[in-house]
Protein chains: 2
Amino acid sequence: MTRKESIFREAALLFSEKGYSASSMRDLAERVGIEPSSLYSHIKSKEEILKEICMSCAQDFVDGIKSIDNKDRDALAKVEALVRLHLSITAENPNSIIVFNDEWKHLDTNSLNLFKALRQEYETIFKSILKEGQESGQIRTGSSGIMMNSVISALSWVHQVDGRSSKNYDLSDEMVAFVLASIKS
Amino acid sequence: MTRKESIFREAALLFSEKGYSASSMRDLAERVGIEPSSLYSHIKSKEEILKEICMSCAQDFVDGIKSIDNKDRDALAKVEALVRLHLSITAENPNSIIVFNDEWKHLDTNSLNLFKALRQEYETIFKSILKEGQESGQIRTGSSGIMMNSVISALSWVHQVDGRSSKNYDLSDEMVAFVLASIKS
DNA sequence: GTCTATACGATGATAGAC
DNA sequence: GTCTATCATCGTATAGAC
């Protein structure tokens, strides 16, 4: 792992624990094991770290939903794939996902606009999948916007789960069951 | 409205917009229309404001769920009442709810422990309602913990909704439909 | 209760030696 | 690339006059 990778890795953990604004570059440097000023040989600013973390997650979600939507599956199968995509992205980098979920509002104006555009792109495809399911009769009637937000929101706590707490249940299967039941006709 | 009320009101708005750590007492004083030092004639510290906001919301939820659980209703009716409770608390003070949801981790050790105890109390009752429904056959099998977290999480985006965006749908009714469908057998 | 003045530690970031 | 030294600013909070 390069020093730069280690900085981003520790930053994701630090920001996820204390929040972006309450995290200092001095904290971060200490965790990386260098002096604060040395961070700036690898990154331009604190905000650049946040941007990299948030944009990278957002891009993963957009790429994932596009790939799912391109395949020839019915709407419910697409939603199931969306749930598994969410779980898989979360499992891969839980700290980054916490930052992505909770700290994006601290992006500066330019990054924030890019971020919102990516989110818009994701939400538009998501809603079109739900509407497709409503037209085919697989998904119950109701506001697709409310369903979409509720589903996304329902998925956003899963980073809290560690291996131990899963007991007899597989988290992915349980979440698929929950989400599909909530929107099926 | 007293000055103290106005401080808490503006603080809830400010913290909800910028997050607790990124909000300064100088910001807050400006919004209230006084000098920063004058805030301290009404409150002891910045953290005291956060504590008041978070604890007051937490208490509303605990009081609400206790009152619902005491009534003689079946499990699904209790869950429906929980959804409406959540919507009603959120509608009453959306800014405080955002702070309660997103900023509680910045409470100091003592407040944090109290906060977590209240959350624990809420979650224990919630899970017991779900289990009661599983035993009576109204609620499908599966992890009650996963269901509870998903339901709570699904409800936590509703503060984003303003009057305009509701179109032809009643948010409360849509959320009741979503949550009940997700857990029914 | 509100003000002016201020204490004083923490903040993000830079300059320049090595 | 890392360090020491430092800067300018902003952070919460207090003292004391009115």
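Just the heavy atoms: all of them, side chains too, but no hydrogens, waters or symmetry mates, feed the values below. Below, read A as the first sequence line, B as the second, and so on, with proteins coming before strands; counting in each chain starts at 1.
Surrounding CD of A:Glu47 are more than 12 heavy atoms belonging to other residues, nucleotides or ligands, all under 6.0 Å away. Surrounding CD of A:Glu48 are more than 12 heavy atoms belonging to other residues, nucleotides or ligands, all under 6.0 Å away. With a 6.0 Å radius and a threshold of 12 heavy atoms from other residues, nucleotides or ligands, A:Arg84 has its CZ atom above the threshold.
When side chains are defined from C-beta on, A:Ile152 does not count as touching B:Trp157, because their heavy atoms never get closer than 4.5 Å. In this structure, the side chains of B:Ser172 and B:Met175 stay at 4.5 Å or more apart for every pair of heavy atoms.
Below the 3.5 angstrom threshold, one finds no donor paired with an acceptor across the side chain of B:Ser37 and the base of C:dT2.
Counting to the nearest Å, the P atom of C:dG1 and the CD1 atom of B:Ile7 are 10 Å from each other. Note: NZ (B:Lys46) to C1' (D:dA13) measures 12 Å, nearest angstrom. In this structure, A:Met25 atom CE and D:dT2 atom P are separated by 14 Å, rounded to whole Å. Taking atom CZ of residue A:Arg3 and atom C1' of nucleotide D:dG1, one finds them 9 Å apart after rounding to whole Å. Here the C1' atom of nucleotide C:dG12 and the CG atom of A:Asp27 are 13 Å apart, to the nearest Å. Counting to the nearest Å, the C1' atom of C:dA17 and the CD atom of A:Glu35 are 15 Å from each other. Rounded to a whole Å, the CG atom of B:Leu39 is 10 Å from the P atom of D:dT12.
A:Ser23 comes within 4.0 angstrom of the backbone, heavy atoms only, and of no base.
Contact check, A:Arg26 against C:dA13: no side-chain N or O comes under 4.0 Å of OP1 or OP2. OP1 and OP2 of D:dG1 both lie 4.0 Å or more from every side-chain N or O belonging to A:Ser38. Here A:Ser24 does not reach the OP1 or OP2 of C:dA10: none of its side-chain N or O atoms lies under 4.0 Å away.
Checking C:dG1, C:dT14, D:dT2 against the side-chain heavy atoms of B:Ser41 singles out C:dG1 as nearest. When each of D:dC3, D:dT12, C:dG1 is scored by its nearest atom to the side-chain atoms of B:His42, the top-ranked nucleotide is C:dG1.
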